[in-house]
Peer 1: 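For reference, the structure I am asking about is given below.
Numbers restart at 1 for each chain; the letters A, B, ... are given by sequence-line order, proteins then strands. In this text, all values refer to a predicted model and were calculated from it rather than measured experimentally.
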2 protein chains.
Amino acid sequence: MNTLSYGLLSLLSNASNSGYDLMLKLQPFWPAKHSQIYPLLAQLDQDGYVVHELVVQKDKPDKKVYSITEKGREALRAWLAKPADEPVHRDELTLKLYCLHEGDIADIRKLLHVRIEYSRDRMLWMHGKIEAYARQEQPPTLAVQLLMQKGLFHFQSDLAWAEWALLQLADRQPKQDN
Amino acid sequence: MNTLSYGLLSLLSNASNSGYDLMLKLQPFWPAKHSQIYPLLAQLDQDGYVVHELVVQKDKPDKKVYSITEKGREALRAWLAKPADEPVHRDELTLKLYCLHEGDIADIRKLLHVRIEYSRDRMLWMHGKIEAYARQEQPPTLAVQLLMQKGLFHFQSDLAWAEWALLQLADRQPKQDN
DNA sequence: TGATTATATGTAAATCAAGACATATTCGCA
DNA sequence: TGCGAATATGTCTTGATTTACATATAATCA
């Protein structure tokens with residue numbers, strides 16, 4: 001039982017989901033491809049942490065909908081009581097900044113612009129999620145509010161940093177278009 | 001040539017370093033164990049991106065000091081011009097929050113307190129690094145300033161979020177000691 | 001009608017990363 | 001003198017993750 005397994009169980013503790021939906025919902029918080037999720041779900045199924053039923057759809061391909069079992073919930077509660085692993089952040093941009101003296105400064109400026117767009121996109125996505133709940137006249141659960149806010153805080157600060165960094169470059173290097 | 005390789009070359013483009021030092025310097029921005037770094041350095045050496053010399057030390061064990069070659073610098077410049085991969089964040093805490101309705105709310109509160117301490121520690125470490133440069137009467141390079149500031153922004157926002165999250169829990173759940 | 005996109009599920013191979021195993025020096029402390 | 005910690009380098013195995021390979025349905029758009 002690795003972290004991804006607990007992540008899947010966490011999502012299933014809120015609602016039953018297909019593997020495909022679990023992948024989409026997990027992505028923003030714990031990147032994982034379907035090739036990792038499907039075999040893991042089969043394993044969790046075999047070990048009795050989840051069960052599944054086949055759901056036939058007309059407008060879309062059929063799917064397997066997974067539900068958490070009592071054994072799954074127990075495993076989840078035990079995991080919750082243990083300290084969380086330290087977060088892992090790997091950002092290639094930081095490595096590129098480390099050799100900003102090498103190569104073209106315009107390249108770095110471009111990378112920062114791309115990062116600014118990326119952060120803005122992610123913030124919009126989070127806002128969109130919150131609004132989607134509002135449209136359903138369902139207030140998001142406390143958990144969802146905490147998670148969305150975490151994302152908003154994070155991308156806001158990354159955005160602010162990238163804009164600040166561009167100014168620092170402008171102060172020291174002749175400005176160039178890009 | 002994977003991202004870690006370029007990270008090592010980036011550090012080496014600033015100054016020659018032993019594998020051990022590279023590991024320590026890389027850790028804060030790109031987590032990697034020595035078991036990953038040493039074989040990779042041997043590979044980079046074999047492929048001509050770096051060279052090394054044996055340095056005998058009296059007060060410490062001998063070491064291999066690696067330096068970047070012109071081929072290494074060229075590879076670095078080509079890599080700099082390419083768009084950076086999207087950052088990868090994996091935070092087990094977010095998964096645990098997702099099932100906060102399951103299990104004990106005191107557990108979650110504890111996790112947030114630990115996160116607050118962790119963020120504070122990291123911020124202090126960043127400040128320490130900046131002050132270390134000041135003590136050496138060497139202003140940090142622009143790159144180091146940008147990186148340290150990125151870290152400060154990040155942990156500041158994580159800290160602010162965790163404190164906010166605790167307040168949200170207090171608003172909705174009976175407060176408990178921990 | 002043909003291409004693309006979204007939905008849906010799987011496997012196999014390759015790469016990446018962590019943890020364990022292994023060794024050696026020097027310093028400081030008890 | 002023995003122990004732990006920091007420095008220093010390596011290998012090996014296992015596990016985690018990505019990429020590529022594979023297939024299929026239904027909708028939309030050109």
Peer 1: Hey, where on DNA chain C does chain A first and last touch, going 5' to 3'? Cut-off is any atom under 4.0 Å from a heavy atom.
Peer 2: C:dT7 to C:dA18

Peer 1: Name all residues meeting the ring pair (Phe, Tyr, Trp, His ring centres under 6.0 Å) criterion together with B:His89; count only those two or more places apart in sequence or in a different chain, and write none if there are none.
Peer 2: A:His89, A:His154

Peer 1: For residues 5-15 of chain B, run the donor-acceptor check on the side chains, cut-off 3.5 Å, and write out each pair with its distance to 0.1 Å, sequence neighbours left out.
Peer 2:
from    : atom 1 : to       : atom 2 : distance (Å)
B:Ser5  : OG     : B:Asn2   : OD1    : 2.8
B:Ser10 : OG     : A:Leu95  : O      : 3.3
B:Ser10 : OG     : B:Tyr6   : O      : 2.9
B:Ser13 : OG     : A:His101 : NE2    : 3.2
B:Ser13 : OG     : B:Ser10  : O      : 2.7
B:Asn14 : ND2    : A:Tyr98  : O      : 2.9
B:Asn14 : ND2    : B:Ser10  : O      : 3.1

Peer 1: With side chains defined as the heavy atoms from C-beta onward, is the minimum distance between A:Met1 and A:Trp79 less than 4.5 Å?
Peer 2: no

Peer 1: Given salt bridge (Lys or Arg N to Asp or Glu O under 4.0 Å), test A:Arg115 with A:Asp91 step by step and report yes or no.
Peer 2: CA-CA 11 Å; A:Arg115 173 57 54 93; A:Asp91 187 350; 2.7 Å; yes

Peer 1: Salt-bridge test for B:Arg122 and A:Glu86: reply yes if a basic N is under 4.0 Å from a carboxylate O, no otherwise.
Peer 2: yes

Peer 1: Can B:Lys150 and A:Asp158 be said to form a salt bridge (Lys or Arg N to Asp or Glu O under 4.0 Å), step by step?
Peer 2: CA-CA 7 Å; B:Lys150 187 173 194 288; A:Asp158 215 36; 3.7 Å; yes

Peer 1: In whole angstroms, how far is the C1' atom of D:dG15 from the CG atom of A:Leu40?
Peer 2: 12 Å

Peer 1: Going by the rule side-chain hydrogen bond (donor to acceptor under 3.5 Å, both in side chains), which residues pair with A:Asp47 if we only count those two or more places apart in sequence or in a different chain?
Peer 2: A:Gln43

Peer 1: How would nucleotides 7-12 of chain D be written as a contact map, 5' to 3', with B for base contact, S for sugar-phosphate-only contact and - for no contact, using protein heavy atoms under 4.0 Å?
Peer 2: BBBBBB

Peer 1: In plain terms, say whether B:Glu163 and B:Arg120 are close enough for a salt bridge, that is, a side-chain N and a carboxylate O under 4.0 Å apart.
Peer 2: yes

Peer 1: Taking DNA chain C as the partner, which of residues 78-94 of chain A come within under 4.0 angstrom of it by heavy atom?
Peer 2: A:Arg90

Peer 1: Any non-hydrogen side-chain atom of A:Gln149 less than 4.5 Å from a side-chain atom of A:Gln145?
Peer 2: no

Peer 1: Indicate yes or no: at least one non-hydrogen side-chain atom of A:Met126 is less than 4.5 angstrom from one of A:Met123.
Peer 2: no

